[in-house]
Amino acid sequence: MSSASAANIQIQLPDGTLAEHPADTTAMDVALGISEGLARSVIAADVSGLVVDADRPLGELAEGSDPLSLRLLTSRDEAALDVLRHSAAHVMARAVMRLYEGVSLAFGPTTEGGFYYDFDLSEKISEEDFSKIEAEMKRIIKEKEPFERFVLERDEARKLCDDLDQDLKVEHIDTGLSDQSTVSFYRQGEFVDLCRGPHIPNAGKIKAIKMMSIAGSHWKGDTSGRQLQRLYGTAFFDKKELKAYLGQIEEAKRRDHRVLGKQHGLFTISPDVGQGLCLWLPKGARVRVALEDFLRRELLSRGYDPVYSPHIGRVEMYETSGHFPYYRDSQFAPLYGSEVGGMLDAWSERLNEGTLDSDGEDKLMAAAKVFGAELPDYKPSASAEAKRKVLHDWQVNHERYLLKPMNCPHHCQIFKAQPRSYRQLPLRLFEFGTVYRHEQTGELNGMLRVRGLTQDDAHIFCTAQQVEEEFRATIELTKFVLQSVGLDDYRVQLSLRDPSSDKYVGSEENWDQAESALRGVLQGSGLEFNEEPGEAAFYGPKADFMVRDCIGRSWQLGTVQLDYNLPERFKLEYNGSDNAAHRPVMIHRAPFGSLERFTGMLIEHFAGAFPLWLSPEQVRVLPLSDKSLDYAVQVAKELEAAGLKVTIDNSGGKVQAKIRNAQLDLVNYMAVIGPKEAEAGQVALRDRIDGDLGSMPTAEAIARLQQEIATRQVRQVVKGDFSAAAVDSDAVGNEY
RNA sequence: GCUGCUGUAGCUCAGUGGUAGAGCACUUCCUUGGUAAGGAAGAGGUCAUGGGUUCAAGUCCCAUCAGCAGCUCCA
């Protein structure tokens, strides 16, 4: 870094021109050399892939004698927006420090939609304070003061932060930055902050800011650590962009599946049933049935075998699978065949911790007796380990069940139910399997994060040689499913193991084989995909479909996961052509993920207006008056007989009001009928999207709708132009 | 689970310690119509639950439950 010598440096611009400059030349200097207008609009610079300040001497970045490739970033570049927002975070921090006493700064990074800064201060900031903070920020911006970078040795940096009473920054220098010999700071007026940068040339570049929200957070994400106040804001180069962004947030709110689900009677969650337990109302259930029927037919035609399994299973099975007690915190407590079961578990836990004294032990033994558990082999003098074994043996003989947290162990048992030959493989078992997980209360979110969910689950048992082909077929299936519901913007995330970690089960060889098979298939599939080392499940690599909805939010939906672990644990075997026992490979896959999450996502994607094939109310018959009611009933029967989901509006109002209500209820088609239609055996069809289609014979209307259903047309997705300001919805894993 | 905010009619929400409100939806009656709101009347609330303060609590305090936002988590 400090090698910036008097020697000149070579700078190459995107158009290929190569020029020699003094080592202390900045990107701003280069811009000035081209035109003053360009210099005015320069925000930062991209130097060989690294975004830096426009006034950073470029010689500092030179390595050897290679020319530096320089790209000037203006407000048109996406990277520039990030620089702007981070600078806005500094401005916000500066404003907060002016307005409040004893502010300790934590971190202030950018997010997809803006930025935040975490503060430690005793006074509570509330949304009512936003206007005064914003006003202060605007004052700072108006000053157009520059952001000045300077670099200090660690010791000096530590001292500076200490002098500034920034204890969190001191701690960060001591811990997070312990491997850095020098660190950089940025000064803007009286405000100095430890910061990697880069920043905009001066605060005047910020043309639009808004404080968004306030929330609690924790120092370095540690929930047991210090509680901080996180202020969220956003900033843009242009007031129009800010307005568009706020519009998108409104749009997302308007599409909220919890709001639409209530409004259109799709689903509800009742506190009387329990948190995170979704009740599918008739209309929501119709959407689900359409999805299930569609997928079931597809799977049957693609060589899957349907199976069913119960909602509970013995704890021992999950001990074998390894899920219990590893994931115990996120499971519902076991169901005990005996009332003493829970007590024995707590007892065993205390023995394990060594927190049980002899008095407590006597009481527990007496209590166990009351509950009818005789423990003749339990010797108080024995080792804790021996005593726990006695308790465990009793449990094993007195069944304990788990609400099933996943379907795989059950399907493994189905595989095991008969001797298997290689001729039967691949064996593809599918089930809409309902599972229960005790998610933390704070994580629950409508249909998107629930405690009881139904996976469109299947497990493919195959030979190692078949993995590649099965994985390919699964990828094809998932593509087909997404296309059928009109989702065409997605990519695949391939999660691989972290080679330096030892948390993974299964041999190195298996992993290598699996990972290269998956990579090969994805390369051949033409799908856009990225690899994420370290993101794999402990039992195998996986591929997740990341889907972007029509307002630019990204969702994690379908998943395909390889598993070399469960077949091992359950000792699954098939007889090979060599008449010897072999271990199958298992593939978990779920194109929807869960019906709950998928439906919730679709509600938001379509803003509640489902395409005809998924719609819970496809046609509403609107009689002009009571006089046409008989004919309305007759038409409804004909439509129903043709397999359409149809209702009649027999309310007393005028047809205009009935149309309005049907439009607001997002009914796909309206069949308006009056004396004329009754006479001619026709219906006047009205399309939710295109309006009045005129009168036609009922049979013609039916054929038209059936055609639209059969081809699963997605005729309208209300798209907004929000690509510039994409917001990520919470990306949630759906592993097994 | 943690921090903060919220909980009033089926829905959306007013209501700053003194007799519980509006719009929409609903019911009944009138109206019987031709592609986005016809009219009138009526019914509907133990103000989330449980405690407390007060002459008096929807309103103030505490706890519990539930929801929302963020954090943390997500086999």
Side-chain angles (χ1 to χ4, degrees), chain A residues 111 116 118 124-127 212-232 253 256 258-259 262-265 268-276 318 321-324 326-331 405-406 408-409 435 437-446 448-451 453 505 536-540 542 556 559 561 563 565-566 588 597 622-629 651-665 670-677 684-688 690-695 730-736:
Chain A
T111 62
Y116 66 80
D118 283 348
K124 272 216 172 83
I125 298 177
S126 79
E127 300 210 359
M212 300 299 289
S213 60
I214 180 147
S217 67
H218 295 92
W219 173 238
K220 298 200 170 176
D222 176 5
T223 45
S224 61
R226 206 155 7 149
Q227 181 84 33
L228 307 170
Q229 299 191 60
R230 175 170 298 178
L231 282 179
Y232 283 88
K253 249 187 227 161
D256 189 318
R258 293 165 298 189
V259 175
K262 185 181 262 185
Q263 200 177 326
H264 295 294
T268 190
I269 292 172
S270 156
D272 291 339
V273 176
Q275 282 183 300
Y318 297 101
S321 74
H323 293 107
F324 184 90
Y326 191 67
Y327 292 107
R328 192 154 185 187
D329 286 347
S330 48
Q331 290 163 4
M406 73 287 303
C408 358
V435 299
R437 294 174 186 184
H438 195 265
E439 304 286 1
Q440 295 185 73
T441 53
E443 312 312 330
L444 301 173
N445 176 345
L448 299 180
R449 194 79 183 272
V450 289
R451 284 182 167 172
L453 55 133
V505 300
F538 74 90
Y539 49 73
K542 58 175 183 164
Q556 183 177 326
T559 183
Q561 304 179 12
D563 189 343
N565 177 46
L566 283 185
H588 312 254
R597 189 171 155 73
L622 311 182
L624 215 52
S625 76
D626 292 353
K627 291 174 188 160
S628 305
L629 204 50
S651 66
K654 295 210 292 189
V655 74
Q656 285 90 334
K658 294 181 185 183
I659 286 169
R660 179 168 194 269
N661 288 333
Q663 289 281 153
L664 292 175
D665 290 346
M670 287 144 264
V672 178
I673 53 139
K676 276 189 279 180
E677 284 74 21
L685 204 58
R686 180 188 161 96
D687 178 16
R688 180 181 73 202
D690 294 336
D692 192 2
L693 301 175
S695 287
D730 60 338
V732 176
N734 44 3
E735 301 176 21
Y736 293 80

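In what follows, every chain begins at residue 1, and chains take the letters A, B, ... in the order their sequences are listed.
Among the protein residues, A:Val655 comes within range of the sugar-phosphate backbone only, with heavy atoms under 4.0 Å from sugar or phosphate atoms but none that close to a base. Among the atoms of the strands shown, base atoms are found under 4.0 Å from some heavy atom of A:Gln663. As judged by a 4.0 angstrom heavy-atom cut-off over every strand, A:Gly691 is placed among residues making no nucleic acid contact. Within 4.0 Å of A:Gln331, counting heavy atoms only, lies at least one base atom of the nucleic acid. As judged by a 4.0 angstrom heavy-atom cut-off over every strand, A:Pro675 is placed among the base-contacting residues. Residue contacts for A:Ala684: at a heavy-atom cut-off of 4.0 Å it reaches a base atom on one of the strands shown. Residue-level contact check: A:Tyr232 touches the backbone only, with heavy atoms under 4.0 Å from sugar-phosphate atoms and none from bases. The residue A:Lys676 sits close to a base: some heavy atom pair falls under 4.0 Å. Using a 4.0 Å heavy-atom cutoff across all strands shown, A:Arg686 reaches at least one base atom of the nucleic acid. Heavy atoms of A:Ser213 sit nowhere under 4.0 angstrom from any nucleic acid atom.
Distance check on atom P: B:G4 versus B:A63 gives 11 Å, rounded to whole Å. Nucleotides B:G7 and B:U46 place their C1' atoms 16 Å apart, quoted to the nearest Å. Separating the C1' atom of B:A40 from that of B:A36 is a span of 23 Å, rounded to the nearest Å. B:A20 and B:U8 have their C1' atoms separated by 9 Å, with the value rounded to a whole Å. For the P atom pair drawn from B:U64 and B:C5, the interatomic distance equals 15 Å after rounding to whole Å. Atom name C1', nucleotides B:U6 and B:U59: the rounded distance is 15 Å, in whole Å. With both ends at atom C1', the span from B:C73 to B:A37 equals 48 Å, rounded to whole Å. Taking the C1' atom of each, B:A41 and B:G33 are spaced 22 Å apart, rounded to whole Å.
Picking from B:C73, B:G38, B:U12 the nucleotide with the shortest atom distance to the side chain of A:Lys262 gives B:U12. You'll find that the side chain of A:Gln440 is closest to B:G1, out of B:U32, B:G1, B:A36. Side-chain proximity of A:Val672 to B:C71, B:G34, B:A37: nearest is B:G34.
Across all strands shown, the partner of B:A22 is B:U12, judged by Watson-Crick or G-U wobble contacts whose two distances both fall under 3.5 Å. B:C60: Watson-Crick or G-U partner is B:G52, with both key distances under 3.5 Å. When Watson-Crick and G-U wobble pairs are counted only if both distances are under 3.5 Å, B:C5 pairs with B:G67. Across all strands shown, nothing is found opposite B:U46 as a Watson-Crick or G-U wobble partner with both distances under 3.5 Å. Applying the Watson-Crick and G-U wobble criteria (two distances, each under 3.5 Å), B:U32 pairs with nothing in any strand. Nucleotide B:A41 forms a pair with B:U27, judged by Watson-Crick or G-U wobble geometry with both contacts under 3.5 Å. If you check B:C73 for Watson-Crick or wobble pairing at under 3.5 angstrom, you find it has no partner at all.
Interface remark: the A:Glu677 side chain does form a donor-acceptor pair with the B:G34 base, using a distance-only criterion of under 3.5 Å. A:Arg449 contributes a side-chain N or O that forms a donor-acceptor pair with the base of B:C73 under 3.5 Å. Residue side chain A:Glu443 reaches the base of B:U72 through a donor-acceptor N/O pair under 3.5 Å, judged by distance alone.
Centroid-to-centroid, the aromatic rings of A:Tyr539 and A:His323 stay 6.0 Å apart or farther.
A side-chain N or O of A:Asp563 and one of A:His588 form a donor-acceptor pair less than 3.5 Å apart. Side-chain contact, A:Gln561 with A:Thr559: a donor N or O sits under 3.5 Å from an acceptor N or O. Between the side chains of A:Ser695 and A:Glu677, a donor-acceptor pair is found at a separation under 3.5 Å.
Rounded to an integer number of Å, the gap from CD of A:Gln263 to P of B:U12 is 9 Å.
A heavy-atom distance below 4.5 Å is not found between the side chains of A:Ser321 and A:Cys408.
Looking at A:Arg230 and A:Asp118, a side-chain N of the basic residue comes within less than 4.0 Å of a carboxylate O on the acidic one, giving a salt bridge.
The phosphate of B:A69 (OP1 or OP2) has a side-chain N or O of A:Arg258 nearer than 4.0 angstrom. At B:A66, one or more side-chain N or O atoms of A:Gln275 fall inside 4.0 Å of OP1 or OP2 (strictly under the cut-off).
Evaluated for a side chain to side chain contact (heavy atoms under 4.5 Å, CB included) with A:Arg449, the options A:Arg597, A:Arg437, A:Glu443 yield exactly one hit, A:Glu443.
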